[in-house]
Amino acid sequence: MNGRASGQVNGTLGTQTTIEQSELKNIVKSNERAVQAIQSTYSSKQSAVAGASSYPPPIAKSAKSFFKGGSNAYRNFTVSRQSDDSYHFTMEKPGNVPGSKAIYHKLVSAGGETLRVYKDTFDPQGNLVHRKEK
Amino acid sequence: MTQDDLLKSFLHMNVQLEALKTAFGRNLLQAEADHPATVTAHDVAAAIEKYLSGDISKEMLLDWVNTLWFTDLYAYDDAESDCIASVMSVLETLDEEDVPISPDDWQKMLLCLATNTEYME
């Protein structure tokens with residue numbers, strides 16, 4: 001089973017959203033060991049904060065806090081559930097140089113405890129320029 | 001000093017990061033506060049003014065930004081959240097040489113904070 005299970009549909013406001021969380025949970029339950037990560041992707045900060053509510057309360061709280069810190073100029077907000085039930089949040093900041101970008105990461109345990117926060121910066125060619133631990 | 005007072009003191013830059021670590025533990029990413037302190041646009045503007053006037057170092061401002069942004073000890077004022085986040089996103093890059101902040105940029109950020117509008121880079 002491919003561990004990546006995410007799809008996008010256009011919402012009524014034109015934003016893209018993921019397939020229903022209930023569908024994702026059913027996939028996880030039936031293929032628990034085979035799933036490496038389940039990822040949801042949100043195109044905007046607003047949809048990411050709203051989407052975070054669908055996760056267990058401690059995860060939702062952590063995700064909302066993380067995403068709210070991002071600017072509305074950010075894109076590609078993701079929530080990935082790992083095989084050990086920990087979660088990985090990311091959000092992408094476009095760089096000043098066209099094609100460059102920075103990705104903020106937050107790793108939390110299954111119980112919502114923050115494990116790590118860091119930022120990766122990439123040049124226009126996609127090379128990792130540096131990583132800043134927070 | 002109570003927990004609330006300490007958080008406010010750090011917010012107003014009256015104490016340094018070490019004081020928070022002493023009270024909340026070395027790993028502030030895992031610290032929790034009974035009542036997270038609220039960050040306002042005025043607080044961010046005040047921090048910028050202190051930095052521009054030389055009252056605080058770049059390192060102090062960066063510690064401040066990273067603590068307010070990435071820990072659960074602080075939360076942005078709901079009504080000003082987007083404005084604050086847009087400016088903090090810039091301040092967080094203060095130590096990156098390839099992302100200079102010009103005098104004009106600083107003034108624009110201060111104006112955005114004063115008017116609760118989002119700063120566009």
Side-chain angles (χ1 to χ4, degrees), chain A residues 44-46 48-50 57-75 77 86 89-109 111-124 127-134, chain B residues 17 21 24-33 36-39 41 44 59 62-102 105 109 112-113 116-121:
Chain A
S44 70
K45 174 178 166 180
Q46 182 180 19
V49 172
I59 304 302
K61 179 183 176 184
S62 185
K64 285 183 180 179
S65 170
F66 181 64
F67 292 145
K68 279 186 174 181
S71 159
N72 280 317
Y74 290 14
R75 59 193 183 207
F77 297 77
S86 65
F89 314 136
T90 69
M91 54 187 179
E92 184 179 308
K93 174 184 178 180
N96 292 337
V97 175
S100 69
K101 65 184 178 184
I103 299 179
Y104 293 85
H105 298 256
K106 183 176 185 180
L107 282 65
V108 301
S109 69
E113 179 184 60
T114 299
L115 302 175
R116 186 182 179 195
V117 178
Y118 62 96
K119 172 187 173 185
D120 284 341
T121 301
F122 298 86
D123 65 18
N127 301 308
L128 178 64
V129 176
H130 57 77
R131 169 170 290 177
K132 284 201 299 187
E133 298 283 343
K134 298 298 182 182
Chain B
L17 186 63
K21 291 185 174 182
F24 290 97
R26 303 306 300 176
N27 187 351
L28 291 180
L29 291 177
Q30 297 181 343
E32 291 184 357
T38 300
V39 182
V44 182
E59 183 180 289
L62 275 168
D63 283 344
W64 188 85
V65 170
N66 285 322
T67 302
L68 268 58
W69 181 348
F70 296 112
T71 75
D72 292 331
L73 300 175
Y74 295 89
Y76 298 166
D77 180 275
D78 280 341
E80 300 175 323
S81 179
D82 288 341
C83 167
I84 294 170
S86 69
V87 173
M88 295 286 267
S89 176
V90 177
L91 299 182
E92 189 262 341
T93 66
L94 203 57
D95 60 344
E96 297 174 23
E97 294 179 353
D98 57 344
V99 191
I101 302 175
S102 70
D105 291 334
M109 285 192 282
C112 285
L113 291 166
N116 191 20
T117 52
E118 287 189 67
Y119 175 73
M120 303 295 184
E121 295 185 57

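Residue numbers begin at 1 in each chain, while the letters A, B, ... track the order of the sequences. Only a predicted model underlies this, so the values are computations on that prediction, with no experimental measurement involved.
Taking chain B as the reference chain and counting heavy-atom pairs below 4.5 Å, the highest number among A/Pro94, A/Ser65, A/Gly69 is found for A/Gly69. When each of A/Tyr74, A/Tyr104, A/Phe66 is checked for heavy-atom pairs under 4.5 Å with chain B, A/Tyr104 comes out on top. Among B/Thr71, B/Asp95, B/Leu28, the residue making the largest number of heavy-atom pairs under 4.5 Å with chain A is B/Asp95. Among B/Glu118, B/Met120, B/Met88, the residue making the largest number of heavy-atom pairs under 4.5 Å with chain A is B/Glu118.
Taking the side chain as every heavy atom from C-beta outward, A/Arg116 and A/His105 never approach each other to under 4.5 Å. Taking 4.5 Å as the limit, some side-chain heavy atom of A/Ile59 sits within range of a side-chain heavy atom of A/Phe89.
If you measure heavy-atom distances from B/Asp72 to chain A, the contacts under 4.5 Å come from the side chain alone. No part of A/Lys61 comes within reach of chain B, as not one of its non-hydrogen atoms sits under 4.5 angstrom from that chain. Both the backbone and the side chain of A/Asn72 come within contact range of chain B, judged by heavy atoms closer than 4.5 Å.
A salt bridge is absent between B/Glu92 and A/Lys93; no separation between the charged side-chain nitrogens and carboxylate oxygens falls under 4.0 Å.
Partners of A/Lys68 by side-chain contact (heavy atoms from CB on, under 4.5 Å), not counting sequence neighbours, listed by chain and number: A/Val49, B/Asp78. For A/Asp123, the side-chain contact (heavy atoms from CB on, under 4.5 Å) test picks out A/Gln125, A/Asn127, A/Val129, with sequence neighbours left out.
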Next item on the list: Would you please test B/Val44 and B/Leu68 for side-chain contact (heavy atoms from CB on, under 4.5 Å) and show each step?
Entry: CA-CA 10 Å; B/Val44 182; B/Leu68 268 58; 5.7 Å; no
